[in-house]
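I have placed the structure first, in the form of structure tokens, so that the comments after it can refer back to it.
Remember, it's 1-based here, ligands and their atoms both numbered in the order they're listed. Source: prediction; values computed, not measured.
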Amino acid sequence: MAPIQPATNQTAIRVLGRGQAPGKVILFGEHAVVYGRPALAVPVTQVRAEAVVEPAAPGAGLMLVAADLGEEICLEDAPAQHPLVVAARLTLAELGLSESPPWRVVIRSSIPIAGGLGSGAAVSAALARAMADAAGQPLSPAALSAIVYQVEILHHGTPSGIDNSVVCYEQPIYFLRGRAPQTFSIGRSFTLAIANTGIASPTREAVADVRRGRERDPARFDALFDRIAAIVEQVKAAIEDGVPETLGPMMDENHALLREIGVSDPALDTLAEAARRAGAGGAKLSGAGRGGNLIALVTAETQDAVSSALRAAGAVDVIVTTVDGSEH
Ligand code: PMV
């Protein structure tokens with residue numbers, strides 16, 4: 001009888017742990033949320049980050065492989081401020097592992113980078129979840145969110161905490177800075193077209209500009225933030241009451257307020273106008289603005305026409321997503 005051949009490397013890669021996290025979209029309240037007003041965000045499950053932990057050679061330490069970017073980082077020699085390195089080190093500390101285990105963590109993501117869909121937060125969350133899984137110590141959403149928040153500081157400077165919350169809790173989130181995130185119910189599902197302007201939006205800069213604007217004219221900015229806060233409360237009630245079709249005008253109004261704050265741009269305004277003309281119930285920028293994403297309220301009847309109009313008006317990508325509260 002022929003001896004049994006050992007498995008080849010290709011077939012024998014053992015998986016020690018897995019983790020994943022969805023993208024996210026801010027529905028209402030961005031920027032104002034930095035100043036203590038409420039905001040609403042939901043997970044976007046069509047796009048996600050995934051991480052897999054494989055064994056590395058004994059003594060190799062922890063290797064981080066950003067597969068989409070062709071980047072391979074050895075934790076020991078990597079720059080201390082690299083976001084993946086910060087995420088990995090915080091996770092090791094949370095898991096009580098003082099020495100780097102011989103792991104190769106391979107990370108992939110289908111979330112567009114710097115497009116306001118939470119790619120940075122999702123990559124950190126997937127990495128931390130996979131490491132926790134490999135260590136046999138699952139992390140609570142709160143512990144995971146605390147790790148991801150620390151990494152978000154590198155991306156954003158002074159993040160409100162909404163991105164890490166929605167990505168780690170994987171539920172619709174009503175968020176107030178400094179408070180534990182609350183979930184809210186989706187009374188009736190609704191559909192959004194999410195259009196990417198293709199303009200990478202540095203959140204840190206938009207947030208810093210808003211801060212400068214508010215320093216110049218606090219009364220005006222605080223009044224704008226208060227109007228946004230009032231919309232957020234109205235929207236939350238409408239979503240919970242199952243009348244999401246009433247959201248459209250509130251999206252338009254929130255977009256107009258964000259324009260006044262100075263974070264829209266011609267690309268976003270063009271997309272918003274195109275979506276409305278093609279039959280969207282309403283449209284607004286989502287996230288930091290100055291590029292990034294626009295969201296438009298669509299129905300089964302209007303989603304194709306609105307998606308085509310958004311592409312024709314310059315969107316490089318359009319994702320249609322249904323918000324139904326069953327993401328987790
Ligand atoms: O660009 P995004 O989707 O990560 O959103 C930033 C949201 C802001 O309110 C502008 C900043 C923050 O930290 O909440």
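- Ion pair Arg129/Glu170 flagged as a salt bridge, since at least one NZ, NE, NH1 or NH2 atom sits closer than 4.0 Å to an Asp/Glu carboxylate oxygen.
- Comment: Glu273 engages Arg276 in a salt bridge, judged by a side-chain N to carboxylate O separation of less than 4.0 angstrom.
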Would you mind writing out a table of all protein N or O atoms found under 3.5 Å from any N or O atom of ligand 1, naming both atoms and giving the distance to 0.1 Å?
| from | atom 1 | to | atom 2 | distance (Å) |
| --- | --- | --- | --- | --- |
| ligand 1 | 1 (O) | Thr203 | OG1 | 3.0 |
| ligand 1 | 1 (O) | Ala288 | N | 3.1 |
| ligand 1 | 3 (O) | Lys24 | NZ | 2.8 |
| ligand 1 | 3 (O) | Gly116 | O | 3.3 |
| ligand 1 | 4 (O) | Asp163 | OD2 | 2.7 |
| ligand 1 | 9 (O) | His31 | N | 2.9 |
| ligand 1 | 13 (O) | Ser160 | N | 2.8 |
| ligand 1 | 13 (O) | Ser160 | OG | 3.4 |
| ligand 1 | 14 (O) | Ser160 | OG | 2.6 |

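- Residues Glu50 and Arg108 are not paired through a salt bridge, judged by the lack of any N-O separation under 4.0 Å between the basic side chain and the carboxylate.
- Sorted by first then second residue, the salt bridge (charged side-chain N to carboxylate O under 4.0 Å, His left out) pairs that include residues 131-158, not counting sequence neighbours, number zero.
- Listed for the Gln46 side chain is a donor-acceptor partner under 3.5 Å among the backbone atoms of Val320.
- Between the side chain of His31 and the backbone N or O of Ala288, at least one donor-acceptor pair lies under 3.5 Å.
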